[in-house]
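See below for the structure under consideration.
Atom set for the values below is all heavy atoms of this structure, side chains included, hydrogens, waters and symmetry mates excluded.
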Amino acid sequence: MTPTQPRALLGLGIACAAVTWLLLVRLYSSLPPLPWTPALTLLLLAIVEGRSGYLLRRRIAGRGPASLNGDGRRGPKPLHPIGIARTAAIAKASALAATVIAGLAGGFVVDLVRSLGQPIPRQDTFAALGILASAVILAVAAVYLERSCRVPPDPDQPVGS
């Protein structure tokens, strides 16, 4: 698995926004109003992933919460490598999903910005802006969590080896 590239996320988001905009030009009048709940859900997920990335980075660096090891000494409990790999995979999937959602919301914003004078499109525009902002925050938190899964280089090892 390769690390998530921000350029790839940006390209995916723009492509999803373009497809959404093209569909909304024809279908918007038949859709129900956009709810606010996706924005809150995405924001909550972003908080959880950002905090997990922070804690994981500390644990990998050896500054995590102390617990008793098997020999009675205090120190961070060792992390299982497969758990870190699974976390990285979930973070990558979360970044991609958040980018798709941000693209969808961006397509709504682009389509609805022309109708801000009407009450329902204005409400949908603000809901789409909230969803867009929350999805971008989630994508950033997911990339941070993925980057937190990397093992730092060993300071005792020479650079060339």
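Thr20 contributes no side-chain N or O that, together with a main-chain N or O of Gly107, makes up a donor-acceptor pair within less than 3.5 Å. Looking only at distances, no side-chain donor or acceptor of Ser148 sits under 3.5 Å from a matching main-chain atom of Arg57. A distance-only check finds a donor-acceptor pair linking the side chain of Glu146 to the backbone of Thr4 [under 3.5 Å].
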| request: Would you sort out whether Ile84 and Ile60 count as a side-chain contact (heavy atoms from CB on, under 4.5 Å), showing the intermediate values? | output: CA-CA 10 Å; Ile84 294 173; Ile60 289 174; 4.2 Å; yes

| query | Do Val110 and Leu24 pass the side-chain contact (heavy atoms from CB on, under 4.5 Å) test, and can you show the C-alpha distance, the side-chain angles, and the key distance before you say yes or no? | reply | CA-CA 10 Å; Val110 168; Leu24 286 176; over 6 Å; no

| message | Checking Ile137 against Ile47 for the side-chain contact (heavy atoms from CB on, under 4.5 Å) test, could you report, in this order, the C-alpha distance in whole Å, the side-chain angles of both residues, the deciding distance, and whether it holds? | response | CA-CA 9 Å; Ile137 292 169; Ile47 291 168; over 6 Å; no

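Here the closest heavy-atom approach between residue Ala128 and residue Phe108 is recorded as CB-CB, 3.7 Å. In this structure, Ala95 and Ala142 approach most closely via the heavy-atom pair N-CB, 3.6 Å. Here the closest heavy-atom approach between residue Ala141 and residue Ala46 is recorded as CB-O, 3.5 Å. In this structure, Pro121 and Thr125 approach most closely via the heavy-atom pair O-OG1, 2.6 Å. Looking at every heavy atom in both residues, Ala127 comes nearest to Pro35 through CB-O, 4.1 Å.
For the salt bridge (charged side-chain N to carboxylate O under 4.0 Å, His left out) condition, the pairs that include at least one residue of residues 114-141, sequence neighbours left out, are Asp111-Arg114. Among residue pairs with one or both ends in residues 80-109, those qualifying as side chain to side chain donor-acceptor pair (under 3.5 Å) are Glu49-Ser94; sequence neighbours excluded.
Residues Cys149 and Leu56 meet the side-chain proximity criterion, which asks for heavy atoms closer than 4.5 Å. Taking 4.5 Å as the limit, some side-chain heavy atom of Leu112 sits within range of a side-chain heavy atom of Tyr28. When side chains are defined from C-beta on, Cys16 counts as touching Leu12, because their heavy atoms get closer than 4.5 Å.
Partner of Ile131 under the side chain to side chain contact (heavy atoms under 4.5 Å, CB included) criterion, chosen from Leu42, Val136, Val109: Leu42.
The salt bridge (charged side-chain N to carboxylate O under 4.0 Å, His left out) test applied to Arg26 returns no partner, not counting sequence neighbours.
Criterion: ILVMFWY side-chain heavy atoms under 4.5 Å apart, direct or through other members. Under it, Leu22 and Val25 are part of a common hydrophobic cluster. Leu43 and Leu45 sit in two unconnected hydrophobic clusters of ILVMFWY residues. Membership requires side-chain heavy atoms under 4.5 Å apart, directly or through other members. Grouping the Ile, Leu, Val, Met, Phe, Trp and Tyr side chains by contacts below 4.5 angstrom, directly or via other members, places Leu55 with Tyr144.
For the atom pair CG (Leu44) and CG (Leu138), the distance works out to 10.0 Å, reported to the nearest 0.5 Å. Summarising the geometry, atom CZ belonging to Arg59 is positioned 13.5 Å from atom OH belonging to Tyr54; distances are rounded to the nearest 0.5 Å. Taking CD1 from Ile120 and CG from Leu34, the interatomic distance works out to 11.5 Å, rounded to the nearest 0.5 Å.
Counting heavy atoms of neighbouring residues, nucleotides and ligands inside a 6.0 Å radius, atom CG of Leu116 exceeds 12 of them.
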